[in-house]
Amino acid sequence: MGKICLRCGQDKTPTNYIALNHNLLLGDSMPVCRDCVNSIIATDPSWNSINKICQIINIPFVPEEWEKIAAVKGKNAFSCYCSLFRQKEYETLEWQEYNDLYLRLKDADKVEKALPETQQRMVKQLRQKWGEQYDEKQLDYLEHLHKGMLESSNVVGVLNEDQALKLCRYSLILEEKIRAGDDISKDLKAYNDLIEIANLSPKLIKSEDEFEGVSDLMSYAEVLGFKPKYYTDIKRDEVDILIQSTKAYARYMYVNESGIGEEIRERIESLKIAAELSGQNFDEKEFIADCRNFAEEDNEEFNIDY
């Protein structure tokens, strides 16, 4: 009887699945087939990924053994790795025991250095990055400083990255000269000049629960269904008050100008003449009453006592 793989959806025979050790929740074998497990490892070949798969199967994850098998077997390495730890001499070993050791080495940043082959590969990669003239201790210093710089500063673009690498090298020079008691004035000046040119300002580190800015806050408020209320008929701040006061003062100066009476009288006479020429009646009292009503309504908006 076949079994359907949860990843590819194909119905495959039991031999296409990796057997589990004492896992009561998932049955006798992995829920995904061997091909899919190999595909997962090919996509993410990191030790953390391999360790998680080993946890499901309940076999120990030993990085040194995995690296040896992976170097020889390629894409079929994991099946060979599982076969190794199903041998009688390893049958009492479980994932948890070795995982505790793995986590201790990982927390101390020593998990990769614990393997000679991996350590040699790491040193080779670091020398390609920093140069052949550095020993392992110097390479550790440079890499640690560079990693910290990337985490705490805004390093953007190829040029900025090159400046960051040069800063790390200058820092190593200064460190060694300080220990030796040599003069560092010239190197220190070059170091400070490069810091100014690179402009590696500290970046803001925020947790997942923090808002980066107002846009994040408003987006979160929209998700919650919050709708702000807008009031357009009231004074909201000092700018509104200043604008209204300026308008009111200008109107006050115009209305109380000494010659305004003559201008109003001339305007009324002009309206009378225009009404007579067009054969209409002009009621001067009604016109003045309308002007007063308009002035009173206008004053309500600019309620300022002079």
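In this text, all values refer to a predicted model and were calculated from it rather than measured experimentally. Numbering starts at 1 and runs along the sequence shown.
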Practice task
Measure across Ala77 and Ala70 and return the closest heavy-atom pair with its distance rounded to 0.1 Å.
Solution key: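 It is CB-CA, 3.6 Å.
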Practice task
Of all the heavy-atom pairs spanning Ile57 and Ala19, show the shortest one and how long it is.
Solution key: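 Looking at all heavy atoms of both residues, the closest pair is CG2-O, 3.5 Å.
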Would you mind reporting whether [Y] and [X] have side-chain heavy atoms less than 4.5 Å apart?
X      : Y      : answer
Trp130 : Cys168 : yes
Leu242 : Thr246 : yes
Ile178 : Ile184 : yes
Val62  : Tyr81  : yes
Gln133 : Gln138 : no
Cys8   : Cys33  : yes
Ile50  : Ile41  : yes
Phe78  : Ile18  : yes

What pairs with [X] under salt bridge (charged side-chain N to carboxylate O under 4.0 Å, His left out), at least two apart in sequence or on another chain?
X      : value
Lys166 : Asp162
Lys189 : Asp193
Lys75  : none
Glu176 : none

Problem - Asn76: partners by side chain to side chain contact (heavy atoms under 4.5 Å, CB included), with sequence neighbours left out - result: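 Once residues adjacent in sequence are excluded, the partners of Asn76 under the side chain to side chain contact (heavy atoms under 4.5 Å, CB included) criterion are Asn38.
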Exercise for the section: Evaluate side chain to side chain contact (heavy atoms under 4.5 Å, CB included) for Arg7 paired with Val37, printing each intermediate quantity in order. Expected result: CA-CA 9 Å; Arg7 192 168 189 266; Val37 171; over 6 Å; no
Donor-acceptor contact below 3.5 Å, side chain [X] vs main chain [Y]:
X      : Y      : answer
Arg127 : Tyr134 : yes
Ser39  : Asp35  : no
Ser49  : Pro45  : no
Lys3   : Gln10  : no

Problem - Electrostatic pair Glu143:Lys147 at N-O distance under 4.0 angstrom - result: no
Problem - Carboxylate-amine/guanidinium proximity below 4.0 Å for Asp183 and Lys177 - result: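 Answer for the salt bridge query: no.
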Straight-line distance of [X] [atom1] to [Y] [atom2], nearest 0.5 Å:
X      : Y      : atom1 : atom2 : result
Leu84  : Glu65  : CG    : CD    : 6.0 Å
Lys137 : Leu172 : NZ    : CG    : 11.0 Å
Arg169 : Leu145 : CZ    : CG    : 11.5 Å
Trp66  : Trp47  : CH2   : CH2   : 11.5 Å
Leu174 : Leu167 : CG    : CG    : 10.0 Å
Ile197 : Leu159 : CD1   : CG    : 10.0 Å

Exercise for the section: Tell me, please, which residues at least two apart from Ser79 pass side chain to side chain donor-acceptor pair (under 3.5 Å). Expected result: Arg34
Problem - Whether over 12 other heavy atoms sit under 6.0 Å from Tyr170 OH - result: no
Exercise for the section: Please say whether more than 12 non-hydrogen atoms of neighbouring residues, nucleotides or ligands are located less than 6.0 Å from NZ in Lys129. Expected result: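 Yes.
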Practice task
Using the six-membered ring of Tyr17, assess whether NZ or CZ of Lys12 lies under 6.0 Å from its centre and within 45 degrees of the ring axis.
Solution key: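 So Lys12 doesn't make the cation-pi contact.
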Exercise for the section: Verify the cluster assignment for Leu6 and Ile56: are they in a single hydrophobic cluster under the rule of side-chain heavy atoms below 4.5 Å apart? Expected result: yes
